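Counting starts at 1 for both ligands and their atoms, following the listed order. Heads up: numbering here begins at 1 and tracks the sequence. Keep in mind that this is a model prediction, so the values were computed, not measured. Keep in mind that the numbers below use all heavy atoms, side chains included, and drop hydrogens, waters and symmetry copies.
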Amino acid sequence: MSESASVTCTAPVNIAIIKYWGKRDVERNLPTNGSISVTLSQKALRTTTSVHLSPEHPADRLWLNGKEDANASRAGTRLAKVFDLIRRLARQEGNPRAEWHAHVASHNSFPTAAGLASSASGFACLAFSLAKAYGLQAGNDVLSGIARQGSGSACRSLFGGYVAWEHGYEEAASPEDEDFGSHAVQLADEGHWPEMAIFVHIVSAEKKTVSSTSGMQTTVRTSPLHTYRAAHVVPARMEAMRQAIAARDFDAFAKLTMEDSNQFHATCLDTYPPIFYLNDTSRDLIQLVHRFNEQQGAIMAAYTYDAGPNAVVYIKREACRAWLDAVAALYRPANGLRANGDAWFSDAHDEVLPA
Ligand code: ATP
């Protein structure tokens, strides 16, 4: 039998609190604005990816949740880009496996393409596990740049805790600066803010009808609000969010998080034709958070929604019990809001930082 290599790795989801939506350079996958996220623990939401490398494999192949994705072997796709960049790195490192192809099986422990950042954990895990299988020396900062070429937000999932993806410069600082300074950097690690917890409320596990890639392209092309937001709102919010995280200022963190989620979804509505990622249950939960904070007499919880209807709630740990009671009261089956018996909340999706 000829030589081969196998590895299995896992990667976490990250949920943006200052949202990335839109590219200024599609070729390099550079964002129209910077973003900040929190990386969740891998207890409930994670991608697991197994890679088998062999000189016998004639092409790269990938199975996602048991179904083959033909894009892995199609030149120019975001999957193919990641395989190619990893092999380029392998060649640069003089790696003896550099010309081998990979067979990959990947599985998400949570709904795929439903607004829970599966592409982030998915592409981070792909870059990381391929690098391990080839035996590359490159560190997570380099792998983050490769993951970004698969899915922008994936660059943040190579780091734990609180992570910024910097906007970067309009021009390369040097010939080697292929990322134009647009890197993911850790702002604080996962142990930084033990008083904060995170809940993920699964509102719908259905695959979204407008993928993030195509949705953001339409937004960049048609939404004046997006143009304004990227130039005039996000830079100041990035700075304010950095300070809120550094100071563990939950009031500032929560308000910025909710405002940014709301503005992101406003840009989706401002897109032509409009994109609707939130549904009635998502909007009920938004109102519930505001009512909850009023009742508590302080900002205790903050919602954010990615490109999908599922809610992520950042909350002061001391308010967790009261929040779950409030959610349970709203969705008591008798009031008819628990449509189709959907899993509106599941203990399995309860995330608490630190891990
Ligand atoms: P989500 O909707 O889950 O939040 P997203 O907002 O990043 O993800 P898309 O950009 O539409 O949305 O990404 C979903 C796509 O990412 C999937 O259709 C699939 O092509 C890819 N993807 C998801 N998980 C994986 C994985 N584990 N490995 C490789 N690719 C993945």
Side-chain angles (χ1 to χ4, degrees), residues 8-16 19-23 26 29 31 35 37-40 42 44-51 60-74 77-83 85-86 102-130 143 146-158 165 200-220 261 264-265 268 275-279 282 304-312 349:
T8 295
C9 303
T10 64
V13 156
N14 73 77
I15 298 292
K19 301 291 186 192
Y20 154 61
W21 192 250
K23 307 172 202 298
V26 174
N29 217 5
S35 54
S37 59
V38 183
T39 300
L40 305 194
Q42 297 190 42
L45 277 68
R46 72 189 159 273
T47 294
T48 304
T49 298
S50 298
V51 173
D60 299 314
R61 296 178 72 181
L62 180 139
W63 289 261
L64 173 55
N65 299 327
K67 196 165 166 274
E68 181 159 15
D69 186 337
N71 286 320
S73 56
R74 262 183 217 140
T77 64
R78 54 194 197 148
L79 278 173
K81 262 186 177 180
V82 173
F83 286 106
L85 285 167
I86 290 283
H103 282 185
V104 178
S106 188
H107 182 263
N108 298 324
S109 67
F110 58 96
T112 296
L116 288 169
S118 65
S119 70
S121 56
F123 279 97
C125 206
L126 181 63
F128 187 81
S129 45
L130 283 172
L143 300 180
I146 294 180
R148 193 192 78 238
Q149 296 285 352
S151 170
S153 55
C155 70
R156 298 185 307 237
S157 267
L158 270 298
W165 176 15
V200 178
H201 297 284
I202 308 286
V203 169
S204 166
E206 267 176 44
K207 187 172 172 173
K208 58 189 154 195
T209 50
V210 180
S211 77
S212 297
T213 305
S214 87
M216 66 175 72
Q217 275 169 2
T218 318
T219 302
V220 169
S261 173
F264 157 55
H265 288 279
C268 290
I275 308 169
F276 306 102
Y277 285 125
L278 303 182
N279 66 18
S282 322
T304 189
Y305 293 81
D306 264 13
N310 298 307
V312 176
H349 290 101

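- Any N or O atom pair closer than 3.5 Å counts here, and Phe123 shares no such pair with ligand 1.
- Not a single heavy atom of Ser153 sits under 4.0 Å from any atom of ligand 1.
- With a heavy-atom cut-off of 4.0 Å, Ser106 touches ligand 1 through its side chain alone.
- Below 4.0 Å from some heavy atom of Leu64 lie the following atoms of ligand 1, by number and element: 19 (C), 22 (N), 23 (C), 24 (N), 25 (C), 26 (C), 27 (N), 31 (C).
- With rounding to the nearest 0.5 Å, the separation of CZ in Phe123 from OG in Ser106 is 9.5 Å.
- Among Ala120, Ser118, Gly150, the residue whose heavy atom sits closest to atom 3 (O) of ligand 1 is Ser118.
- With Thr47 as reference, Ser121 is the one residue of Ser109, Ser118, Ser157, Ser121 to meet the side chain to side chain donor-acceptor pair (under 3.5 Å) rule.
- Checked by atom type, the side-chain pair Ser35/Arg156 shows a donor-acceptor distance below 3.5 Å.
- Of the protein's heavy atoms, Arg78 NH2, 3.5 Å lies nearest to atom 15 (C) of ligand 1.
- At a heavy-atom cutoff of 4.0 Å, ligand 1 is contacted by the backbone of Leu116 but not by its side chain.
- The option with the heavy atom closest to atom 24 (N) of ligand 1, from among Asn108, Thr112, Thr213, is Asn108.
- Between Leu62 and ligand 1, a contact under 3.5 Å exists for no N or O pair.
- Between the side chains of Thr49 and Ser129, no donor-acceptor pair is found at a separation under 3.5 Å.
- The side chain to side chain contact (heavy atoms under 4.5 Å, CB included) check on Thr10 picks up Gln42, Arg46, Thr48, with sequence neighbours excluded.
- Of all heavy-atom pairs spanning Leu64 and Asn108, the tightest one is CD1-ND2, 3.9 Å.
- When heavy-atom distances to ligand 1 are checked against a 4.0 Å cut-off, Lys208 comes that close only through its side chain, counted from C-beta outward.
- Proximity of Ala117 to ligand 1 is established by a heavy-atom distance of less than 4.0 Å.
- Protein heavy atom in closest approach to atom 18 (O) of ligand 1: Ala113 CB, 4.1 Å.
- A side chain to side chain donor-acceptor pair (under 3.5 Å) with Asp306 is found for exactly one of Lys19, Lys208, His265, namely Lys19.
- A side-chain donor from one of Thr112 and Asn65 sits under 3.5 Å from a side-chain acceptor of the other.
- Protein heavy atom in closest approach to atom 7 (O) of ligand 1: Ser119 OG, 2.2 Å.
- At a 3.5 angstrom cut-off on N or O pairs, Leu79 does not count as close to ligand 1.
- Within a 6.0 Å sphere centred on CD of Glu206, heavy atoms belonging to other residues, nucleotides or ligands number 12 at most.
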- prompt: Does the pair Tyr20 and Trp165 meet the rule for a side chain to side chain contact (heavy atoms under 4.5 Å, CB included), with working shown?
  reply: CA-CA 9 Å; Tyr20 154 61; Trp165 176 15; 3.5 Å; yes

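- Within the listing of ligand 1, atoms 27 (N) sit less than 4.0 angstrom from a heavy atom of Thr47.
- The heavy atom nearest to atom 12 (O) of ligand 1, considering only Ser212, Ser121, Pro111, is found in Ser212.
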